[in-house]
4 protein chains.
Amino acid sequence: MFELDVRSRKPIYEQLVDKLKELIISEVLKQDEQLPSVRSLAQQITVNPNTIQKAYRELENQGYIYSVKGRGSFVSPTSPKQNTEKIMKMKNELLKILSEALYLGISADEIIQLIKEAETTVRGGNENDSLT
Amino acid sequence: MFELDVRSRKPIYEQLVDKLKELIISEVLKQDEQLPSVRSLAQQITVNPNTIQKAYRELENQGYIYSVKGRGSFVSPTSPKQNTEKIMKMKNELLKILSEALYLGISADEIIQLIKEAETTVRGGNENDSLT
Amino acid sequence: MFELDVRSRKPIYEQLVDKLKELIISEVLKQDEQLPSVRSLAQQITVNPNTIQKAYRELENQGYIYSVKGRGSFVSPTSPKQNTEKIMKMKNELLKILSEALYLGISADEIIQLIKEAETTVRGGNENDSLT
Amino acid sequence: MFELDVRSRKPIYEQLVDKLKELIISEVLKQDEQLPSVRSLAQQITVNPNTIQKAYRELENQGYIYSVKGRGSFVSPTSPKQNTEKIMKMKNELLKILSEALYLGISADEIIQLIKEAETTVRGGNENDSLT
DNA sequence: GTGGTCTAGACCACA
DNA sequence: GTGGTCTAGACCACT
């Protein structure tokens with residue numbers, strides 16, 4: 001479930017944060033659902049509990065989860081506004097990389113083609129969503 | 001001209017790399033044009049010369065500039081040939097980031113809009129200028 | 001183990017890169033094996049840690065090792081896939097240097113002899129060892 | 001005649017030394033023939049006279065040419081031994097790069113193929129040599 | 001403890 | 001003047 005890349009330059013706790021964010025955004029982890037405990041998750045993916053701790057704290061700071069002393073950590077009620085900040089970042093990053101791509105001679109049409117490819121990948125995983 | 005954020009988590013030299021890349025891509029810095037010397041730029045933005053070197057070195061590795069001992073650093077000519085491998089890499093990277101963007105809820109239309117923005121950055125400075 | 005020539009015109013960090021490359025190619029350093037830490041190696045061969053870093057960084061750029069913050073530096077797994085581009089580059093480089101060699105009057109037979117030598121270096125440590 | 005690559009990391013004076021050595025070895029410049037004067041050559045290839053000076057001095061040190069005050073520089077009588085040192089270097093370099101190539105999975109046969117390619121290139125330029 | 005960034009200041013090679 | 005290497009020593013982020 002949690003595939004971590006220890007070789008990546010991105011710190012493990014950040015990878016965890018990203019993974020968990022994805023799960024929350026995609027509502028695999030639903031509102032107020034309990035997250036695995038620090039220790040159990042640490043054991044499951046063989047990672048230092050401190051690292052999990054750090055990831056959870058980060059998620060709490062960013063408002064994705066909340067912790068209750070003695071009970072555990074839970075998914076926050078989703079407030080769609082939280083993502084605006086992330087979307088802004090992503091758009092900036094996109095603009096940068098799109099410029100690089102165009103500079104390299106990749107045409108707008110080719111990029112649009114890639115968007116279509118990406119769409120099938122992303123939508124493929126939850127295509128029947130609207131039917132539930 | 002070079003606004004650096006020393007507080008940022010992104011290292012100074014990386015910020016420099018990004019800034020300079022932009023300038024090269026947008027052709028503010030033209031082919032074979034000389035970049036500011038390591039020392040002069042260091043003084044201008046009050047940063048250690050080693051940091052500038054590191055940025056220049058990185059840009060050289062990425063093929064954006066070339067440096068000649070005793071003469072200076074210059075913008076690489078864009079060689080439209082040979083770049084097929086680079087283009088392949090870029091397409092893979094694009095596919096990844098486009099998926100992320102779609103996943104975040106950015107629509108294909110929005111991305112196409114961003115492509116148009118990027119196009120004006122890359123081509124805007126030289127071609128259809130006279131029509132405005 | 002690491003004999004450096006501080007008087008050489010070749011920079012220390014480059015000598016290090018070459019030495020380490022050899023060790024990796026000859027599989028003295030095996031896949032995913034941890035390299036000596038920047039600081040320990042620096043102390044061992046009495047060279048500034050920054051110089052070791054530079055060497056490690058270069059090796060990382062060339063794909064021979066990978067470094068993880070807080071954990072250490074490790075030998076990259078040889079990924080037989082994906083390397084087609086690298087192989088293309090190498091073939092071009094080979095063609096260039098082989099031409100130079102022939103031009104200098106080194107005969108094809110002599111080069112083939114060198115290939116055999118190189119083969120024992122690369123494969124010698126593990127395979128037909130038991131037959132001697 | 002003298003094609004210099006200002007973008008190369010190899011210093012211009014070294015490129016000059018190599019070029020002139022080639023011309024001497026291939027006897028395009030014959031024994032005791034006069035070399036172009038520092039100034040005229042500098043002008044011809046638009047390079048700083050100091051750089052030419054340095055190249056000539058280097059060639060004199062290596063025994064390829066000799067200079068006579070007030071008259072100019074001349075090609076030394078060829079002593080074939082001079083190249084042994086260079087050939088040794090080349091063989092070492094070859095051994096290194098051949099190991100890298102094998103490590104990357106390029107087979108000995110493929111390299112031999114490349115040798116043949118290189119041979120046609122090198123011999124092609126002066127194939128009628130033996131007939132003169 | 002690990003790698004990574006940065007500074008200040010020195011020295012070298014090259015044009 | 002240019003780029004390039006190296007040192008000594010500091011601080012940060014991550015495990």
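Note that the coordinates shown come from a computational prediction; the quantities given were computed from them, not determined experimentally. Values reported hereafter were calculated over all heavy atoms of this structure, with side chains retained and with hydrogens, waters and symmetry mates removed. Lettering follows sequence order; numbering is per chain, from 1.
- Minimum heavy-atom separation, D/L94 to C/A101: CD1-CB, 3.8 Å.
- Pairing analysis of DNA chain E (Watson-Crick: purine N1 to pyrimidine N3 plus N6-O4 or O6-N4; G-U wobble: N1-O2 and O6-N3; both under 3.5 Å) yields stems of 3 or more pairs at E:1-14 with F:1-14.
- Using a 4.5 Å cut-off on side-chain heavy atoms (C-beta onward), D/I97 and D/E93 make no contact.
- Mapping B/P11 and D/E14 onto DNA chain E via the closest heavy atom, the residue that lands nearer the 5' end is B/P11.
- The side chain of A/K54 contributes an N or O atom lying less than 4.0 Å from OP1 or OP2 of F/dC14.
- Nucleotides of DNA chain F nearest to B/V68 and C/R71 differ in position, and the one nearer the 5' end is that of B/V68.
- Near-neighbour residues of DNA chain F inside residues 16-23 of chain C, defined by a heavy atom below 4.0 Å, are absent.
- A donor-acceptor contact closer than 3.5 angstrom links the side chains of D/S67 and D/S73.
- Relative to the six-membered ring of C/Y64, C/K86 meets both conditions, a distance below 6.0 Å and an angle of at most 45° to the axis.
- Using a 4.0 Å heavy-atom cutoff across all strands shown, C/Y13 reaches sugar-phosphate atoms only and no base atom.
- At a cut-off of 3.5 Å, with distance as the only test, a side-chain donor of B/Y66 or B/D32 sits close to an acceptor on the other residue.
- For the pair B/K21/A/Y103, no side-chain contact is recorded, criterion being any heavy-atom separation below 4.5 Å from C-beta on.
- A heavy atom closer than 4.0 Å to some atom of DNA chain F occurs in B/S37, B/V38, B/R39, these being the qualifying members of residues 31-48 of chain B.
- In this structure the side chain of D/I45 reaches within 4.5 angstrom of the side chain of D/L4, judged on heavy atoms.
- Looking at every heavy atom in both residues, B/V122 comes nearest to B/E27 through O-OE1, 4.0 Å.
- With a heavy-atom cut-off of 4.0 Å to chain B, the contacted part of DNA chain E has its first and last nucleotide at E/dT5 to E/dA15.
- Under the 4.5 Å side-chain criterion, counting only non-hydrogen atoms from C-beta, B/V75 is not in contact with B/K30.
- At most 12 heavy atoms of other shown residues, nucleotides or ligands fall within 6.0 angstrom of atom CD in A/Q43.
- Comparing C/G70 and B/T51 along DNA chain E, the residue whose closest nucleotide (by nearest heavy atom) sits nearer the 5' end is C/G70.
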Evaluation steps, side chain to side chain contact (heavy atoms under 4.5 Å, CB included), between D/L41 and D/Y56: CA-CA 11 Å; D/L41 184 53; D/Y56 278 19; 3.6 Å; yes

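- Each side-chain hydrogen bond (donor to acceptor under 3.5 Å, both in side chains) pair with one or both residues in residues 2-11 of chain B, not counting sequence neighbours, appears once here: B/K10-B/D18.
- Pairs of residues two or more places apart, or lying in two chains, never qualify as salt bridge (charged side-chain N to carboxylate O under 4.0 Å, His left out) while including a residue from residues 41-58 of chain C.
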